[in-house]
Amino acid sequence: MSHEHVSNSKRIWFVFALLSVVTTVEVFLGIYKPAIFHMNHFLGMNLLNWIFYILTVYKAYYIVWSFMHLEGEKSSLRWSIVLPVVFLILYILFILLTEGDYIFEVFRDSTIKWNF
């Protein structure tokens, strides 16, 4: 019995195109910084930064999904990989936002100069 080799070039090109489009959107938003996203704040950060975080997490998830072949695994294995990563990302984001806001408030309201 011989197994036939199946070409995945169409899938590879689709993944490449999707990730390229998402990256292009990120670069476009980073260069032009639309005022509707840049000047509006949500949970202590402007909407543009939230969009960057969401698109970056989406790209990371899709890379793991396609190149680590998670789409063919059982649902329980997928969730056991994805759920801890989601909680870790949310935890790190919470810590960064909380500590960054604290440092900003200390430097803004005190006599300590910005030396960085």
Side-chain angles (χ1 to χ4, degrees):
M1 255 169 127
S2 66
H3 294 283
E4 185 177 324
H5 177 69
V6 177
S7 175
N8 287 329
S9 61
K10 183 187 279 189
R11 172 124 171 93
I12 292 170
W13 282 110
F14 174 76
V15 171
F16 174 73
L18 181 69
L19 294 177
S20 296
V21 166
V22 173
T23 302
T24 303
V25 168
E26 284 180 332
V27 170
F28 175 79
L29 290 174
I31 291 173
Y32 291 107
K33 294 181 183 173
I36 192 168
F37 299 129
H38 190 61
M39 297 301 170
N40 290 328
H41 291 275
F42 178 70
L43 293 176
M45 232 177 14
N46 62 31
L47 290 176
L48 190 61
N49 286 348
W50 282 110
I51 291 171
F52 287 144
Y53 284 133
I54 291 167
L55 290 176
T56 302
V57 168
Y58 174 76
K59 284 193 319 185
Y61 179 78
Y62 199 78
I63 288 169
V64 170
W65 180 262
S66 62
F67 292 120
M68 293 181 68
H69 309 290
L70 282 184
E71 71 264 1
E73 297 295 337
K74 290 184 178 181
S75 178
S76 58
L77 178 63
R78 285 194 306 244
W79 280 109
S80 70
I81 293 171
V82 171
L83 208 54
V85 173
V86 168
F87 284 128
L88 179 65
I89 289 171
L90 292 175
Y91 177 70
I92 290 173
L93 190 62
F94 171 76
I95 294 294
L96 288 174
L97 291 175
T98 305
E99 294 300 320
D101 187 53
Y102 171 75
I103 291 172
F104 176 76
E105 296 293 328
V106 165
F107 278 105
R108 186 185 67 183
D109 297 335
S110 68
T111 58
I112 300 172
K113 295 194 186 288
W114 291 87
N115 58 1
F116 52 89

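- Every pair tested for salt bridge (charged side-chain N to carboxylate O under 4.0 Å, His left out) that includes a residue from residues 35-51 fails, sequence neighbours excluded, so the list is empty.
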Mind running side-chain contact (heavy atoms from CB on, under 4.5 Å) on V57 and Y62 for me, showing each step along the way? CA-CA 8 Å; V57 168; Y62 199 78; over 6 Å; no
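- Tracing side-chain contacts under 4.5 Å through hydrophobic residues (I, L, V, M, F, W, Y), one reaches F14 starting from Y58; they form part of the same cluster.
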Could you give the side-chain donor-acceptor pairs of residues 23-33 under 3.5 Å, partners two or more places apart or in another chain?
from: T23; atom 1: OG1; to: L19; atom 2: O; distance (Å): 2.8
from: T23; atom 1: OG1; to: K59; atom 2: NZ; distance (Å): 3.1
from: T24; atom 1: OG1; to: S20; atom 2: O; distance (Å): 2.7
from: E26; atom 1: OE1; to: K59; atom 2: NZ; distance (Å): 2.9
from: E26; atom 1: OE2; to: T56; atom 2: N; distance (Å): 3.4
from: E26; atom 1: OE2; to: T56; atom 2: OG1; distance (Å): 3.1

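- Residues forming a salt bridge (charged side-chain N to carboxylate O under 4.0 Å, His left out) with R11 (at least two apart in sequence, or on another chain): E71.
- Linking ILVMFWY side-chain heavy atoms closer than 4.5 Å, directly or via other members, places F67 and L18 in a single hydrophobic cluster.
- A heavy-atom distance below 4.5 Å is not found between the side chains of L90 and F94.
- Evaluation of the ring-ring contact (aromatic ring centres under 6.0 Å, His included) rule for Y61 yields W65 as partners, not counting sequence neighbours.
- Judged as a side chain to side chain contact (heavy atoms under 4.5 Å, CB included), and not counting sequence neighbours, the contacts of N40 are I36, L47.
- Y91 is linked by a side chain to side chain contact (heavy atoms under 4.5 Å, CB included) to I95, counting only residues two or more places apart in sequence or in another chain.
- Y53 is not listed as a side-chain neighbour of I89, based on a closest heavy-atom distance of 4.5 Å or more.
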Please assess I51 against F37 for the test side-chain contact (heavy atoms from CB on, under 4.5 Å), listing each intermediate value before the final yes or no. CA-CA 9 Å; I51 291 171; F37 299 129; 3.6 Å; yes
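- Within the 4.5 Å cutoff, the side chain of N49 has no heavy atoms near those of the F42 side chain.
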Can you list, pair by pair, the side-chain donor-acceptor contacts under 3.5 Å of residues 80-88, counting residues two or more places apart and other chains?
from: S80; atom 1: OG; to: S76; atom 2: O; distance (Å): 3.4
from: S80; atom 1: OG; to: L77; atom 2: O; distance (Å): 2.7

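- Grouping Ile, Leu, Val, Met, Phe, Trp and Tyr by side-chain contacts under 4.5 Å, direct or through others, puts F16 with W13.
- For residues 40-49, the set of pairs meeting the salt bridge (charged side-chain N to carboxylate O under 4.0 Å, His left out) definition, not counting sequence neighbours, is empty.
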